[in-house]
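Position 1 is the first residue of the sequence; numbering continues from there.
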Amino acid sequence: MLATDLDRTITIDPESLDPSLTESQRYAVAGCLGQRLTLITGPPGVGKTTIIREVVRCAREHGLTVALTAPTGRAATRMAQAAGSPASTVHRLLGLRGDGAQPERSGSNPLTADLVVCDESSMLDVELAAMLTDALKDGARLVLVGDADQLPPPGAGDALAELLVSPVISHFQLSQVFRQAERSTLLRAAAKIRVGAVPRFTPREGDVADLSGFWSKSESELIDEAVRQAREVLPQKLGIDPDEVQVIAPMYRGGAGIDELNRRLREAANPSGEKIIGGRLRVGDKLIQTKNDYSLVAESGEPLVNGAFCQVHGYRDGRDGGLEANCEDGSRIFIPTSQSPSLKLGYAISVHKSQGSEWPGTVVVIPPAERSSFLTRRLLRTALTRARRHCHVVACPTTFRAAIGRADQQVRNCAVVERIEDSFERAIQRELEADLVIAP
């Protein structure tokens, strides 16, 4: 059992690690190799990525093989860049192929890695978490890294949240925000939202002005501002391509919902693209996959799973026709017409679909809907922290304040804690029976 295996550890003196790390970071790194299951949590700016990089270095120094993974392609790419080591989605790591088929990697054909590090673990539902742990070989270690205040996963259960409750699992909660992050107006706003306080959008002297806002109760004004910021203002301000700015909203319907935002944004981004599949899509469109389809695999080997993006660059007509597209990592993929209905426009996406990803710039649209119970501070915080360099909030002020005042009351029960504690008790009993623990 991962949480209760007491005799397969590597002892590391925290004081021997990189002196630039904080004390809490050094102990977290040491803990990752000293236990078979370790949880590392904290908000943006506390150095979770730094810990991953140091854990990988230390593990390799001790002769361990390492596998880095994350639930989404964007998170895996970001992880690989930060750690200087290849990373893949959990789906690719496990060889998930769908259609009811078992993953290629499981207890009967385990992963070869001695250490598996999974970032954005708040997105792991119970089923995917169970597959990942089942695929570990005997003696392997698992490190789950995430932000406990992100939205729960779209699938059943909330594995990370349940694991955090258990007293028998090694957990390092980071809270010290580093100076560079501390100067961020955006991260300071996210911290205030987390505790139900209304943030300020005006930076203090010496702060980084990475958060801005536009306030109106008019849906037409909100959508006009969102399109202008996404296609003109933020790209010019950040020196990036407009496609690197992502629009995020909480709901699909309405005058400033995701559907209308996609229609307006496509007219600005791809007004003359060749219409295909009955005019529903156009060549040049930015698309997002809305369900797991493991039969669609890019040249890179990554399946086109729920939340993955691609951009159409061609279309083959006829009986065996389909979309020719480029995935986020630049690899090509062919999508048969029969499998295209699950692809939707991706110029604007939901907050849930944005989870686990980051963009240089984001526009977060919060339309009038102050009585909607799903608009919570957790959702707001998740939306705002998808921006790496600048977030522009386009919102109805009363809806925004109402969401900050609404704590997430959703509770998901999946009995993970009870099972871990049962296994812990069984492990202690085995040690007693084997005389490994001498009772006084």
Side-chain angles (χ1 to χ4, degrees), residues 1-2 5 8 36-37 52 56 59-60 64-80 83 85-146 153-157 159-160 163 289-310 322 325 327-336 338-339 342-343 356 414 416 419:
M1 291 292 178
L2 280 175
D5 193 335
R8 290 173 177 167
R36 287 199 61 209
L37 175 59
I52 292 174
V56 171
R60 289 180 173 157
L64 303 182
T65 56
V66 181
L68 302 181
T69 189
T72 68
R74 276 184 173 267
T77 299
R78 189 172 70 248
M79 191 182 190
S85 184
S88 69
T89 61
V90 178
H91 301 82
R92 183 182 179 188
L93 180 71
L94 299 177
L96 281 165
R97 292 290 177 263
D99 298 325
Q102 293 299 308
E104 292 178 2
R105 295 294 188 175
S106 63
S108 58
N109 181 31
L111 298 166
T112 59
D114 300 307
L115 170 69
V116 176
V117 183
C118 180
D119 199 6
E120 297 289 350
S121 295
S122 61
M123 295 189 68
L124 289 176
D125 60 35
V126 172
E127 184 178 14
L128 193 58
M131 290 180 183
L132 180 59
T133 54
D134 180 55
L136 297 174
K137 71 177 183 179
D138 289 344
R141 294 162 179 79
L142 176 63
V143 178
L144 300 179
V145 183
L160 181 63
L163 292 173
Q289 174 69 294
T290 59
K291 72 173 188 177
N292 290 332
D293 191 338
Y294 303 108
S295 66
L296 294 175
V297 181
E299 291 176 346
S300 64
E302 287 285 2
L304 196 68
V305 296
N306 188 9
F309 288 86
C310 65
C327 295
E328 295 176 89
D329 60 4
S331 63
R332 296 189 169 226
I333 188 170
F334 177 73
I335 304 166
S338 61
Q339 292 172 267
S342 59
L343 289 164
C414 54
V416 171
R419 292 172 185 172

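Put simply, the side chain of R36 gets close to the backbone of A140: a donor and an acceptor are under 3.5 Å apart. In terms of modelled atom types and a separation under 3.5 Å, the side chain of S300 and the main chain of S331 share no donor-acceptor contact. A distance-only check finds no donor-acceptor pair linking the side chain of T89 to the backbone of G73 [under 3.5 Å]. Between the side chain of S342 and the backbone N or O of Q289, no donor-acceptor pair lies under 3.5 Å. With hydrogens and angles disregarded, no donor-acceptor distance shorter than 3.5 Å links the side chain of D134 to the backbone of S106.
For Q339, the side-chain hydrogen bond (donor to acceptor under 3.5 Å, both in side chains) test picks out D293, S295, with sequence neighbours left out. For K291, the side-chain hydrogen bond (donor to acceptor under 3.5 Å, both in side chains) test picks out no residue, with sequence neighbours left out.
Taking CG from L136 and OG1 from T112, the interatomic distance works out to 11.0 Å, rounded to the nearest 0.5 Å. Residue E302 holds its CD atom at 13.5 Å from CG of L296, rounded to the nearest 0.5 Å. Annotation: the span from I52 atom CD1 to M79 atom CE amounts to 4.0 Å, rounded to 0.5 Å. Rounded to the nearest 0.5 Å, atoms CG (L304) and CD1 (I333) are 4.5 Å apart. In this structure, SG in C118 is found 9.5 Å from CG in L160, a value given to the nearest 0.5 Å. Between atom CD of residue E104 and atom CG of residue L94 there is a gap of 9.5 Å, rounded to the nearest 0.5 Å.
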Subject >> Check against salt bridge (charged side-chain N to carboxylate O under 4.0 Å, His left out), D114 and K137 >> reply: CA-CA 8 Å; D114 300 307; K137 71 177 183 179; 2.7 Å; yes
**OP:** May I have the step-by-step check of side-chain contact (heavy atoms from CB on, under 4.5 Å) for R92 and V297, ending in yes or no?
**Re:** CA-CA 10 Å; R92 183 182 179 188; V297 181; over 6 Å; no
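Summarising the geometry of A70 relative to A76, their closest heavy-atom pair is CB-N, 3.7 Å, with the distance given to 0.1 Å. A pairwise comparison of heavy atoms in L144 and L163 identifies CD1-CD1, 3.7 Å as the closest pair. Closest approach of M131 and P103 over heavy atoms only: SD-CG, 4.3 Å. Shortest non-hydrogen contact noted between P71 and M123 is CG-CB, 3.8 Å. A pairwise comparison of heavy atoms in C327 and A298 identifies SG-CB, 3.7 Å as the closest pair.
Side chains of S85 and R60: a donor on one and an acceptor on the other come within 3.5 Å.
Using a 4.5 Å heavy-atom threshold, the side chains of E120 and T72 count as separate.
Of the residues listed (L111, D119, V116), the one engaging T69 in a side chain to side chain contact (heavy atoms under 4.5 Å, CB included) is V116, and it is the only one.
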